[in-house]
Each structure stands twice: as structure tokens, then as C-alpha cells.
Amino acid sequence: MPTKLPKSFYLQTDVVSIAKQLLGKLLCTNIEGQLAKAIITETEAYNGIIDKASHAFGDRNTPRTSTMYMQGGVAYIYLCYGIHHLFNVVSHHKDIPHAVLIRAAEPIEGIEHMLERRNRTKLDRTLSAGPGTLSQALGIDRTLNGESLTGKKIWIEDAPLLAEKDIIITTRIGVDYAAEDALLPYRFYIKNSKFVSRY
DNA sequence: TTCCCGATTTACT
DNA sequence: GTAAATCGGGAAA
């Protein structure tokens, strides 16, 4: 019987470590009665106010980023390029804006719901290997911004930690604007997984 | 209030 | 490989 990750998991203070620990765990949603689960295959850490790639860089606490300042264990979801809903796991204590972007996952339950939401007919990497497509597949949108990750709409179930040898560590995607911080090794994905946004 | 542009995806050339 | 889609956040005025 899989267990839901407890609040304490999200209160950890090392967001880079959390990003790595989340690999292999199950991201689950129950939206409009449709249950869906997917194995997290790719994550990125956003390290608070000192990280130029983060929306909260320079302690930018605004209506949008205020979600990241909440106590760890809630969802930070924002609209990107006016089209895509990107899902993040908020961590650390209140007022410390840490977050982990979930960039890709492998569907394992409720696949029929994900296919329908994505308007696809078969399971392949285009279903959920990318932060925008993943959210669409799982039915995640901004109405879930600030939602508890220990509730009934969206949560994460535990799974054994992956071995170091099965994890690829590299730089984040699409954050060139962050100058030298774009070079930080804050992106993680499961080696040999087909459900990864870019290799 | 104006203006620029983004933690992306998809459809074209 | 290039470009369009599409809208709201955030800084400047």
C-alpha cells in the first residue's frame, strides 16, 4: 500500500536534495473524479531568493510568487507563455520561497484520462514528458495553485529512493536569463527513462 | 496604463 | 530549424 508523503517531507530545507528525492515518486491527482498517477521522472530545483532563475529571486514576493512563500507542502502553479500551466512543489518553511518544478512523469494509472485530456490515442512520451504537457495530462491548472499536497485533489505517494547511478544531474532548461545560475546542476532525471523532456 | 517577455509546445518551412 | 500561439506578471512611466 503506497503512502502519501507527509507534510514533514516538504519542510526539508535543502530544495536541491528534495528535487532529487522526488524522482521515482508518484504524482497523483483526483480531478473531477478522475484518478491519475504518474512516476516523476524529471525535476528542477529553484533555490529561493538567491537563485536568479527563480521567480522569487531578490525576494520578489508578489501576488503570483506569494504561493512560494507559503509553508512547504503546497502546489505552486503558474501560467507560462499564456498557454501552459507549470506545476511546482513548494518546500521549506513559511516565508522561504523554495520550489521544485516537476518537468516530466511516466503515466501508470488513469492513463485513459490523460489520453483524453491531451487528445491522444496512445501512450508515448508526448503525453507527459514536459512541464506543460504533464500538467495537462494530470488535469492540473491554476485553480490548484496553493492547494495542499497532503489533500485529496493532488498529492505525492512515496517510493524507494533511486540509486545515485540511476540519476542524471545536469543544468536547468529554459533559464538562460539567469546568467551564471543557469549553469547550476539543479536538474535531475531518471537515467534511461523515455519520459524526459530533453536529453 | 503601457510595454516587454516568459521555468513551453506544436506546427510549419 | 524557425515561428506562432496567447495572456498575465512585473517593471517602468
Side-chain angles (χ1 to χ4, degrees), chain A residues 10 15-20 22-23 27 38 40-70 72 74-92 96-107 114-147 149 154 156 168-190 194-199:
Chain A
Y10 304 101
V15 70
V16 176
S17 169
I18 293 173
K20 196 193 278 193
L22 283 172
L23 290 177
L27 177 57
I40 295 171
T41 52
E42 178 180 352
T43 63
E44 284 180 0
Y46 285 82
N47 189 25
I49 65 175
I50 60 166
D51 182 353
K52 291 182 179 174
S54 172
H55 293 160
F57 173 66
D59 207 13
R60 206 161 37 202
N61 189 342
T62 65
R64 178 175 67 156
T65 65
S66 65
T67 307
M68 276 198 281
Y69 285 80
M70 293 171 72
V74 299
Y76 169 48
I77 300 157
Y78 71 95
L79 189 65
C80 185
Y81 289 95
I83 303 170
H84 304 105
H85 301 271
L86 270 55
F87 168 71
N88 297 252
V89 171
V90 174
S91 68
H92 210 302
I96 309 292
H98 284 189
V100 175
L101 171 66
I102 309 301
R103 289 190 55 89
E106 176 175 349
M114 302 198 222
L115 290 171
E116 184 178 0
R117 291 191 186 107
R118 291 275 301 131
N119 197 24
R120 299 290 148 115
T121 54
K122 66 178 175 59
L123 175 60
D124 62 27
R125 63 182 303 288
T126 68
L127 193 63
S128 56
T133 58
L134 168 65
S135 293
Q136 189 182 22
L138 287 169
I140 295 170
D141 64 28
R142 284 181 303 159
T143 65
L144 294 177
N145 184 42
E147 186 78 21
L149 295 175
I154 182 166
I156 298 175
I168 304 293
I169 304 175
T170 181
T171 54
R172 295 173 290 185
I173 301 286
V175 295
D176 291 348
Y177 59 85
E180 73 275 12
D181 286 350
L183 303 176
L184 294 168
Y186 282 2
R187 176 175 176 234
F188 305 92
Y189 63 86
I190 299 178
K194 294 187 180 71
F195 291 83
V196 168
S197 63
R198 297 187 218 169
Y199 295 94

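All chains are named by letter (A, B, ...) in the order of the sequence lines, taking the proteins before the strands, and each is independently numbered beginning at 1. What you see is a predicted model; the values in this text were computed from it and never measured. Both backbone and side-chain heavy atoms feed into the values below; hydrogens, waters and symmetry mates do not.
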Between B:dA7 and C:dG1, how far apart are the C1' atoms? Round to whole Å, please.
23 Å
Distance check, rounded to the nearest 0.5 Å: [X] atom [atom1] versus [Y] atom [atom2]?
| X | Y | atom1 | atom2 | answer |
| --- | --- | --- | --- | --- |
| A:Glu106 | A:Thr41 | CD | OG1 | 7.5 Å |
| A:Ile190 | A:Ile40 | CD1 | CD1 | 9.0 Å |
| A:Ser66 | A:His55 | OG | NE2 | 13.0 Å |
| A:Asp59 | A:Ile50 | CG | CD1 | 12.0 Å |

As a test of understanding, state which of A:Asn88, A:Val15, A:Val16 forms a side chain to side chain contact (heavy atoms under 4.5 Å, CB included) with A:Val100.
A:Val15
Pick out which of A:His98, A:Arg64, A:Met70 makes a side chain to side chain contact (heavy atoms under 4.5 Å, CB included) with A:Tyr76.
A:Arg64
If you take all heavy atoms of [X] and [Y], which pair is closest and at what distance?
| X | Y | value |
| --- | --- | --- |
| A:Pro107 | A:Phe195 | CD-CE2, 3.8 Å |
| A:Ala104 | A:Gly130 | CB-N, 3.9 Å |
| A:Ala45 | A:Asp51 | O-OD2, 4.1 Å |
| A:Thr65 | A:Asn61 | OG1-CA, 3.4 Å |
| A:Arg117 | A:Gln136 | CD-O, 3.3 Å |

Using a heavy-atom cut-off of under 4.0 Å over every strand shown, decide if A:Arg60 touches base, sugar-phosphate, or nothing.
sugar-phosphate
Sugar-phosphate only, base, or nothing, as touched by A:Ser197 at under 4.0 Å among non-hydrogen atoms:
nothing
List in numerical order all residues of residues 137-147 of chain A for which some heavy atom is under 4.0 Å away from an atom belonging to DNA chain B.
none
Just by modelled atom types, is the A:Leu127 backbone N or O under 3.5 Å from a matching donor or acceptor in the A:Arg118 side chain?
yes
Scan nucleotides 2-8 of chain B against the protein and return all N/O pairs shorter than 3.5 Å with their distances rounded to 0.1 Å.
| residue | atom | partner | partner atom | Å |
| --- | --- | --- | --- | --- |
| B:dA7 | OP1 | A:His55 | NE2 | 2.7 |
| B:dA7 | OP2 | A:Tyr177 | OH | 2.8 |
| B:dA7 | N9 | A:Tyr78 | OH | 3.2 |
| B:dA7 | N7 | A:His55 | NE2 | 3.0 |
| B:dA7 | N1 | A:Asn88 | OD1 | 2.5 |
| B:dT8 | OP1 | A:Arg103 | NH1 | 3.2 |
| B:dT8 | O2 | A:His84 | ND1 | 3.2 |

Strictly under 3.5 Å: I want the nitrogen or oxygen pairs between protein and nucleotides 11-13 of chain B, one per line.
none

Give the dot-bracket line for DNA chain C from 5' end to 3' end: parentheses for intra-strand Watson-Crick or G-U pairs under 3.5 Å, square brackets for crossings, | for inter-strand pairing, dots for unpaired.
|||||.||||||.
Could you walk me through whether A:Tyr46 and A:Asp181 pass the side-chain hydrogen bond (donor to acceptor under 3.5 Å, both in side chains) check?
CA-CA 10 Å; A:Tyr46 285 82; A:Asp181 286 350; over 6 Å; no
A:Ile49 vs A:Pro97 side-chain heavy atoms within contact, under 4.5 Å
yes
Reading DNA chain C from 5' to 3', where do the contacts with chain A start and stop? Cut-off is 4.0 Å to heavy atoms.
C:dA5 to C:dA11
Pairing residues for A:Lys52 by the side-chain hydrogen bond (donor to acceptor under 3.5 Å, both in side chains) criterion, not counting sequence neighbours:
A:Glu180
